[in-house]
Number of protein chains: 2
Amino acid sequence: MESSAGPRRVTLAQVAELAGVSVMTASYTYNRPSRVSDQARSKVLAAAARLGYAGPDPSARSLRRGSTRTLGVVMGEHLSYAFEDPEAVSFLAGIADICAGHGYGMTILPITGAADDVQRIKSAAVDGFIVWTTSDDDPVLAAVRAMRRPAVVHGGPAVQGMGLVGIDDRAAAHAVGTVAFAGAERPAIVSFPLSRDRTSAIVGGADITEVLFPVTRERLEGYRRAAEDAGIAWRDVPVAVCARNDAAEAERAAAALLASAEPPDAIAAMSDQQAAGVVHAIRAAGRAIPEEVAVTGWDDAAVAARLGLTTVAQSLRDQGAACAHAALGREPDSRTAPWSIVRRASTRR
Amino acid sequence: MESSAGPRRVTLAQVAELAGVSVMTASYTYNRPSRVSDQARSKVLAAAARLGYAGPDPSARSLRRGSTRTLGVVMGEHLSYAFEDPEAVSFLAGIADICAGHGYGMTILPITGAADDVQRIKSAAVDGFIVWTTSDDDPVLAAVRAMRRPAVVHGGPAVQGMGLVGIDDRAAAHAVGTVAFAGAERPAIVSFPLSRDRTSAIVGGADITEVLFPVTRERLEGYRRAAEDAGIAWRDVPVAVCARNDAAEAERAAAALLASAEPPDAIAAMSDQQAAGVVHAIRAAGRAIPEEVAVTGWDDAAVAARLGLTTVAQSLRDQGAACAHAALGREPDSRTAPWSIVRRASTRR
DNA sequence: CTGTTAGCGCATTCAA
DNA sequence: TTGAATGCGCTAACAG
């Protein structure tokens with residue numbers, strides 16, 4: 001009777017023996033078929049078929065070659081959270097394109113927020129790392145750096161020894177904020193979380209320097225300057241902090257802003273998803289866009305075109321591709337990506 | 001000057017030498033810290049820090065242990081397509097839970113539809129495979145089986161030597177179809193693709209036996225029986241085939257059905273996303289739900305509750321977890337998952 | 001608690 | 001075109 005452990009894995013050596021050739025001839029059959037005679041090759045393949053050889057063992061091959069031909073992508077605290085964000089999905093697709101083109105695999109390294117995240121990074125059999133934007137104090141960053149492989153962060157933070165790919169968030173926020181707040185007297189912001197605990201709140205004159213997510217920090221800084229350019233003091237600008245990047249929470253936050261004693265007449269969001277929620281809240285409150293309340297989004301996703309949102313256009317797909325190149329060690333480590341403002345009917349000008 | 005290839009990777013042997021201990025003591029420091037004296041451990045860690053040792057090499061460790069501690073997930077033709085489907089995301093989350101709980105990683109194997117998919121399977125350093133539902137003729141299935149590792153398919157097809165996890169789609173379709181078509185005279189179906197080329201069309205009396213996606217085939221079979229139970233011939237049931245599982249295309253398909261000479265008075269969809277599109281089309285056509293047109297979805301996603309959709313409830317998350325268990329070789333290979341009908345206001349009874 | 005031996009499966013190097 | 005030797009970096013098994 002067969003042992004419950006199942007048959008031992010078939011090795012190249014066994015195939016070679018059955019085929020009556022050396023191990024190297026068998027190896028060449030898989031790696032450089034042109035350097036093997038037709039006769040030898042067919043003997044090897046016949047023997048492999050008879051034994052049920054599964055092909056060269058990936059781990060052994062990685063060890064021998066010194067390369068796994070796989071990139072690791074560190075996707076932030078909640079796997080599903082990352083996948084539910086359509087921009088994150090575009091980013092992954094950009095990475096997948098490049099990996100496929102180079103014959104590389106792609107490993108998603110799900111981060112749970114627990115201490116064993118670091119272990120998962122350490123045991124990842126990958127040649128390079130791509131880290132989706134995170135907070136300045138995320139311990140994952142040090143773990144990735146300690147692996148001493150090519151690594152790149154998307155968005156931020158900037159880490160010594162790691163690449164950085166992303167747009168100039170502060171400049172883009174200043175630009176879109178300027179459009180959003182044109183002619184407004186009471187601008188407001190719907191924001192991503194300010195810290196890793198992801199609490200929701202509405203705060204006035206948020207202390208931007210305390211914000212641990214660099215992307216969020218830079219955007220707030222840009223919005224602050226846009227507000228100040230319009231003659232409005234930062235302490236008078238309410239910031240509705242949402243725990244998650246989705247329309248539903250942004251809608252609730254916007255509804256709260258609109259129901260306040262001094263409702264905003266312009267709302268700049270941090271994603272088109274959020275802006276979509278804001279639009280719903282404004283409509284539900286019976287106000288006109290943009291006459292009574294202007295709205296801006298971010299990313300130029302499909303929903304932005306559908307709702308006529310003024311927004312910041314950037315290609316997360318291209319940025320994913322740039323990150324993959326960097327993680328492959330094929331390109332300068334860092335890159336500032338292009339962005340532009342798309343003006344539509346949700347703003348006054 | 002440092003070579004452009006960069007410093008050679010630091011090995012455990014170098015760490016051990018600098019620390020003045022044997023390689024095994026260094027190894028134990030990482031793998032069984034309790035079996036090493038505090039003194040030895042701190043010497044090893046100090047040496048590692050001085051040399052910038054990144055920790056045991058994952059590939060070498062996998063080779064030696066005979067296990068990668070990673071599961072591979074084969075996600076179907078388009079990476080982004082898979083991620084955009086919220087049910088697929090739940091499924092992934094279920095897998096991620098189990099992987100995390102067992103200290104396993106999880107590798108997404110993106111399938112492009114090209115010939116090199118098979119190569120990507122063959123070179124995947126994983127202990128087991130989970131295949132997201134695909135067509136009977138998908139060459140990926142043979143490639144996975146050839147790897148001779150624990151493998152499981154979600155949904156279908158059933159493959160000799162591989163596990164199968166999913167619900168009884170035919171029975172569930174029959175049950176929800178019976179509710180959808182109650183009191184209807186002209187039922188219609190909004191369907192997933194019937195073949196891998198993913199063409200859109202409206203067909204009458206679709207030849208179910210030709211459908212290559214087993215999940216779709218089983219659901220159509222169940223709907224057919226429900227229609228026949230209601231006294232309606234299958235050839236009179238229009239099937240609107242959508243290329244993708246999303247609301248937008250389903251809305252267009254439903255609009256076409258509703259604009260026809262004999263508009264349907266009941267529409268059974270294959271996902272809640274599709275059903276949401278159908279609901280929009282019906283509203284746009286100015287018809288009442290369920291009085292003039294009944295609608296059903298599938299999955300009991302958040303949108304189903306929001307729209308009051310009658311639907312089939314199943315837990316993709318639990319099924320993902322079951323697949324992970326099977327791929328870890330820890331459980332009986334196959335499992336029929338539970339489902340139930342959730343009745344809401346979108347149907348006549 | 002620590003060390004020695006051995007070899008996981010493969011592909012690079014060099015020789016034939 | 002083929003083959004022999006070697007070792008990638010690590011850890012199970014055992015001995016001390």
Undergrad: Write down the distance between CZ (B:R41) and C1' (C:dT2), rounded to a whole number of angstrom.
TA: 14 Å
Undergrad: Could you tell me the separation between the CG atom of A:L12 and the P atom of C:dA11, rounded to a whole number of Å?
TA: 7 Å
Undergrad: Measure CG/B:D38 against P/C:dC1 and give the value in whole Å, please.
TA: 9 Å
Undergrad: Would you indicate what B:V23 reaches in the nucleic acid, counting non-hydrogen atoms under 4.0 angstrom: base, sugar-phosphate, or nothing?
TA: base
Undergrad: Among C:dC10, C:dT5, C:dT2, which nucleotide has an atom closest to any side-chain atom of B:A40?
TA: C:dT2
Undergrad: Which of these nucleotides, D:dG9, D:dA4, D:dA13, is closest to any side-chain atom of B:R64?
TA: D:dG9
Undergrad: Any chance you could lay out the side chain to side chain donor-acceptor pair (under 3.5 Å) test for A:H102 and A:R330, step after step, and finish with the verdict?
TA: CA-CA 11 Å; A:H102 288 262; A:R330 312 244 161 138; 2.7 Å; yes
Undergrad: Please figure out whether B:R65 or B:G20 has its closest DNA chain C nucleotide nearer the 5' end.
TA: B:G20
Undergrad: Please report, rounded to the nearest Å, how far the P atom of D:dG9 is from the CG atom of B:N31.
TA: 17 Å
Undergrad: Regarding B:T25 and B:S22, is there a side-chain donor-to-acceptor distance under 3.5 Å anywhere?
TA: yes
Undergrad: Roughly how many Å is it from OH in B:Y28 to P in C:dT4, rounded to a whole number?
TA: 13 Å
Undergrad: In whole Å, what is the span from the CZ atom of B:R9 to the P atom of D:dC10?
TA: 10 Å
Undergrad: Looking at D:dT2, C:dT2, D:dT11, which one has an atom nearest to any side-chain atom of B:S37?
TA: C:dT2
Undergrad: Rounded to the Å, how far apart are A:R35 CZ and C:dA15 C1'?
TA: 13 Å
Undergrad: To the side chain of A:T25, which of D:dA12, C:dC10, D:dG3 is closest?
TA: D:dG3
Undergrad: Specify the residue among B:L63 and B:S22 whose closest nucleotide of DNA chain C lies further upstream toward the 5′ end.
TA: B:S22
Undergrad: Report yes if a side-chain nitrogen or oxygen of B:S27 is closer than 4.0 Å to either non-bridging phosphate oxygen (OP1 or OP2) of D:dT11; otherwise report no.
TA: yes
Undergrad: The side chain of A:P56 lies closest to which of these nucleotides: C:dC10, D:dC10, D:dA13?
TA: C:dC10
Undergrad: Report the distance from atom CZ of B:R65 to atom CG of B:D127, rounding to the nearest 0.5 Å.
TA: 9.5 Å
Undergrad: With sugar-phosphate meaning primed atoms plus P, OP1 and OP2, does B:S34 contact a base, only sugar-phosphate, or nothing at under 4.0 Å between heavy atoms?
TA: sugar-phosphate
Undergrad: Does the side chain of A:Y53 get closer than 4.0 angstrom to OP1 or OP2 of C:dC10 through an N or O atom?
TA: yes
Undergrad: Let's see if you can work this out: which of D:dG3, D:dC10, D:dG7 has an atom nearest to the side-chain heavy atoms of A:V21?
TA: D:dG3
Undergrad: Can you confirm whether B:P157 sits close enough to B:F213 that some side-chain heavy atom of one is under 4.5 Å from a side-chain heavy atom of the other?
TA: no
Undergrad: In whole angstrom, what separates A:R61's CZ from D:dG9's P?
TA: 18 Å
Undergrad: Among B:V215, B:D138, B:T216, exactly one meets side chain to side chain contact (heavy atoms under 4.5 Å, CB included) together with B:T133. Which residue is that?
TA: B:V215
